[in-house]
Amino acid sequence: MTEDRIYSLPLSRVGDFEFDDDVADVFPDMIRRSVPGYASMLSMIGQCAETYILPETNVYDLGCSLGAATFAVRQNAVPDCRIHAVDSSAAMVARLRRTVGVETSEGAAVEVHEADIREVAVRNASFVVLNLTLQFLPPQERDSFVDRVSSGILPGGAMLLSEKISFSDAAENRLMTTLHHDFKRAHGYSDLEIAQKRTAIENRLVPETLQVHIERLRRAGFSTVCPWFQCFNFASVLAVK
Ligand code: GEK
């Protein structure tokens, strides 16, 4: 695994974060050291895949990056479903196309799409994964996007949504941010790396409260909306149609 050193040297100007080749090359290390509980999220995505995926349906991994969730899903999916892994980053998609090709050819078919998730038609879906992706859409577009995805999910199907979250209580927000930064420090990031990454991602990743996510999912027609995981300022919700 290539180590993430992207923000280790002082930059005269920190530009907006991009999912480019440099990031794609270090992404597995970056996400493991930046998202507390990432491994648990992936493992439960695999478990939920087994519960919800039905034969002859579509499964979507929206904002798939290098396909970690896609592979967790494929391990547990019925063979005659079709998994659509979607990401708008050419760098991520190129790498995923290579690994999907060399992984075992057994199991469900995986189609990799280089596309904006807002332009993907979701239909006949039994399971949709949005693992740390909705947070990158402009907040004002999230309601209509989640409505549209929900309308493509079959009755009894599910969406698993994981997000970085904010807190309406300022003290709670500060505490969770501090604990998150401590987590990053404990995983080898320096104060400079943490500060420069924070500046870079500030305009790109807009977190919302867990309550806002839950209410949006209910409005979109999910009958059961269950937060199942939280570690500091990262949370995951299972929403069932
Ligand atoms: C994982 N799910 O490892 N359309 C398509 N892709 C997008 C869009 C968009 N509008 N906006 C952002 N992305 C993965 C991790 S990473 C999370 C997801 C993170 C893509 C972006 O290119 C990137 O690959 C991914 O969403 C977010 O389980 O880096 O914090």
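As the structure is a computational prediction, the values presented were derived from the model and not from experiment.
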Sidechain-backbone polar pair: [X] side chain, [Y] backbone, donor-acceptor under 3.5 Å:
| X | Y | value |
| --- | --- | --- |
| Ser150 | Val146 | no |
| Asn233 | Phe167 | no |
| Arg95 | Leu66 | no |
| Glu202 | Arg204 | no |
| Gln135 | Leu132 | yes |
| Thr51 | Gln47 | yes |
| Lys241 | Leu154 | no |
| Asn76 | Gly46 | yes |
| Arg74 | Val110 | no |
| Arg32 | Tyr38 | no |

Shared hydrophobic cluster, [X] / [Y] (ILVMFWY, side-chain heavy atoms < 4.5 Å):
| X | Y | result |
| --- | --- | --- |
| Met41 | Ile214 | no |
| Ile83 | Val78 | yes |
| Leu130 | Leu137 | yes |
| Val120 | Val128 | yes |
| Phe136 | Ile165 | no |

What orientation do Phe127 and Tyr52 show, parallel under 30°, tilted 30 to 60°, or perpendicular over 60°? parallel
Atom [atom1] in [X], atom [atom2] in [Y]: separation rounded to 0.5 Å?
| X | Y | atom1 | atom2 | result |
| --- | --- | --- | --- | --- |
| Asp22 | Phe27 | CG | CZ | 14.0 Å |
| Asn124 | Ile153 | CG | CD1 | 11.5 Å |
| Ser89 | Asp20 | OG | CG | 7.5 Å |
| Phe232 | Asp182 | CZ | CG | 8.0 Å |
| Arg118 | Arg142 | CZ | CZ | 10.5 Å |
| Asp116 | Ser88 | CG | OG | 5.5 Å |

For residues Ser162 and Asn131, is any side-chain donor paired with an opposing acceptor at under 3.5 Å?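 Per modelled atom types, Ser162 and Asn131 side chains form a pair under 3.5 Å.
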Residue pair Asn173 / Ser166, side-chain donor-acceptor N/O under 3.5 Å: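 No pair is found: no donor N or O on one side chain lies under 3.5 Å from an acceptor on the other.
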Decide yes or no for [X] and [Y]: does some side-chain heavy atom of the first lie under 4.5 Å from some side-chain heavy atom of the second?
| X | Y | answer |
| --- | --- | --- |
| Glu208 | Pro139 | yes |
| Lys184 | His187 | no |
| Leu161 | Ser236 | no |
| Met92 | Glu114 | no |
| Met30 | Val23 | yes |
| Asp87 | Ser65 | yes |
| His213 | Leu134 | yes |

Close aromatic pair by centroid cut-off 6.0 Å: Phe234 and Phe229: no
Is the distance between the ring centroids of Tyr60 and His84 less than 6.0 Å?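 For Tyr60 and His84, the ring centres are under 6.0 Å apart.
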Shortest non-hydrogen contact from [X] toward [Y]:
| X | Y | answer |
| --- | --- | --- |
| Arg148 | Glu119 | NH2-N, 4.2 Å |
| Val225 | Pro227 | O-CD, 3.7 Å |
| Ala85 | Leu96 | CB-CD2, 3.9 Å |
| Ser126 | Ile53 | OG-CA, 3.4 Å |
| Ile117 | Leu62 | CG2-CB, 3.7 Å |
| Glu163 | Thr133 | OE2-N, 3.9 Å |

[X] atom [atom1], neighbour heavy-atom count above 12 within 6.0 Å:
| X | atom1 | answer |
| --- | --- | --- |
| Gln140 | CD | yes |
| Arg82 | CZ | no |
| Arg123 | CZ | no |

Let's go through Phe183 and Leu179 carefully: what are the C-alpha distance in whole Å and the side-chain angles of both, what is the deciding distance for side-chain contact (heavy atoms from CB on, under 4.5 Å) to 0.1 Å, and is it a yes or a no? CA-CA 6 Å; Phe183 171 90; Leu179 290 170; over 6 Å; no
When you look at Val73 and Asp61, which way does the side-chain contact (heavy atoms from CB on, under 4.5 Å) test go after all the steps? CA-CA 9 Å; Val73 163; Asp61 179 8; over 6 Å; no
Quick one, His181 with Arg198, criterion side-chain contact (heavy atoms from CB on, under 4.5 Å). Give me CA distance, side-chain angles, the key distance, then yes/no. CA-CA 10 Å; His181 290 171; Arg198 192 180 189 182; 3.6 Å; yes
List the steps and the verdict of side-chain hydrogen bond (donor to acceptor under 3.5 Å, both in side chains) for Thr2 and Asp25. CA-CA 7 Å; Thr2 313; Asp25 280 340; over 6 Å; no
